[in-house]
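Each chain gets a letter, A, B and so on, in the order the sequences are listed, and its residues count up from 1.
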Amino acid sequence: MDSLAELLRASLWTRSLTRAQLDRVEAETVVRDFPAGAYVCRKGEPVEHWIGVVDGLVKMTSVNSQGKTTTFTGVTSGGWFGEGSLLKDPTRRYDIEALRSSRMALMPRATFQWLLDTDIGFNRFLLMQLNERLSQFIAMVEYERLLGPDARVARSLAALFNPLLYPEQATHVQISQEEVGYLSGVSRQRVNQALQVLEKAGLLKVDYGRIRIVDLAGLRAFG
DNA sequence: TCATTAAATTGTT
DNA sequence: AACAATTTAATGA
C-alpha cells in the first residue's frame with residue numbers, strides 16, 4: 001500500500017463509516033515516513049495518536065532496567081495499534097521501532113475519540129482487535145511452554161499474517177532472520193535452522209531478507 | 001549502464 | 001559468539 005486512502009479502504013473498521021465520516025478521518029490523519037531503525041514512538045511519550053501501518057513493519061518492544069530489550073509483537077501493513085494506550089494510559093508503555101523503511105498513518109486522539117463516541121462499528125472493531133491480540137499473547141505463552149523452536153518460529157511468522165489484524169492479503173514479509181528470532185524468542189542461529197525445516201516442509205520460502213509464505217494454514221498448525 | 005565498494009544478512013561452527 | 005560466504009544497496013565513472 002502507498003497511500004492513506006488505500007490503508008483506510010483495506011481497514012475493517014472503516015466499513016461502517018459514512019462517506020462524510022471517512023472524509024473527516026482522512027483529512028485529520030497524517031502520514032509520515034520512518035527509515036529502518038527509527039522509533040515511531042517511545043515509551044514515556046504522551047499518547048497523541050492511534051497509529052496505522054500504511055506500508056512497512058514495526059515491532060513493539062520494551063527495555064528493562066538492565067538495558068535488555070524484549071520484542072512483544074510485530075505489526076505489518078494494514079495494522080493499527082495504540083488503542084490500549086489511548087484508552088487508558090497517559091504515556092506510551094512501549095517503544096515502537098521500524099524494522100524497515102515504513103510509512104505510518106497518525107490519527108489524532110480527538111479523531112479516535114470521536115469515532116469511539118459516534119460509531120458502533122468502530123467499537124466492535126476495537127473489541128475484536130483487543131480480543132485477537134489477547135488470544136495471540138496467550139497463545140504465545142502456551143507455545144513457549146509446549147512447543148519446540150521450529151513450531152514457535154512457524155507460529156510467530158503466521159501471527160504476522162493474521163487476517164483480522166492485517167487484512168491485506170500479503171504473501172511475504174520483509175524481515176531479517178535476526179528479527180524473527182526476537183519475535184519468536186529463539187536465537188538467530190536456531191531461526192535459520194527452523195526456516196530450513198519449514199521450507200523443506202513446503203510451508204514457506206526463504207529469500208534474502210525476506211520470507212515468502214506458501215502455506216499459511218500449515219504454518220499455524222505446525223508442531 | 002556497469003563496475004566497485006560498503007553494508008547487511010545468511011549459513012555454519 | 002565468531003567467522004566466512006552471499007546478497008543487496010550505494011556510489012561514481
Item to complete: May I ask you to decide whether A/Arg42 forms a salt bridge with A/Asp95, counting only side-chain N to carboxylate O separations under 4.0 Å?
Response: yes
Which atom pairs, one a donor and one an acceptor, fall under 3.5 Å between side chains of residues 48-59 of chain A and the rest of the protein, sequence neighbours left out?
from, atom 1, to, atom 2, distance (Å)
A/Trp50, NE1, A/Glu83, OE1, 2.9
A/Lys59, NZ, A/Glu179, OE1, 3.1

Practice prompt. Would you confirm whether A/Glu45, through its side chain, and A/Arg92, through its main-chain N or O, come within 3.5 Å as a donor-acceptor pair?
Written response: no
Practice prompt. Rounded to the nearest angstrom, tell me the gap between atom NZ in A/Lys205 and atom P in B/dT10.
Written response: 17 Å
Discussion item. With a 4.0 Å limit, can you tell me whether A/Asn192 has a side-chain N or O closer than that to the phosphate oxygens OP1/OP2 of B/dT10?
Written reply: no
Worksheet entry | Protein-nucleotide distance (A/Glu199, atom CD; B/dT10, atom C1'), rounded to Å | 13 Å
Worksheet item: Should A/Gln193 be listed as having a side-chain N or O under 4.0 Å from OP1 or OP2 of B/dG11?
Response: no
Worksheet item: In whole Å, what is the span from the CD atom of A/Glu179 to the C1' atom of B/dA8?
Response: 12 Å
Worksheet item: Between the side chain of A/Ser11 and the main-chain N/O of A/Thr14, is any donor-acceptor distance below 3.5 Å?
Response: no
Fill in: Whole-Å gap separating C1' (B/dT12) and CD (A/Gln196)
9 Å
Item to complete: Calculate the interatomic distance between A/Leu195 atom CG and B/dT9 atom C1'; express it in whole Å.
Response: 13 Å
Worksheet item: Does A/Tyr143 have A/Arg152 sitting over its ring (NZ/CZ under 6.0 Å from centre, angle to axis within 45°)?
Response: no
Which pairs, protein N/O on one side and nucleotides 3-8 of chain C N/O on the other, fall under 3.5 Å?
from, atom 1, to, atom 2, distance (Å)
C/dT7, O2, A/Tyr208, OH, 3.1

Worksheet item: Rounded to whole angstrom units, what separation is found between the CD1 atom of A/Ile175 and the P atom of B/dA8?
Response: 17 Å
Worksheet entry | Between B/dG11 (C1') and A/Asp207 (CG): distance, integer Å | 15 Å
Discussion item. Would the distance check show the side chain of A/Asp207 and the main-chain N or O of A/Arg210 forming a donor-acceptor pair, the cut-off being under 3.5 Å?
Written reply: no
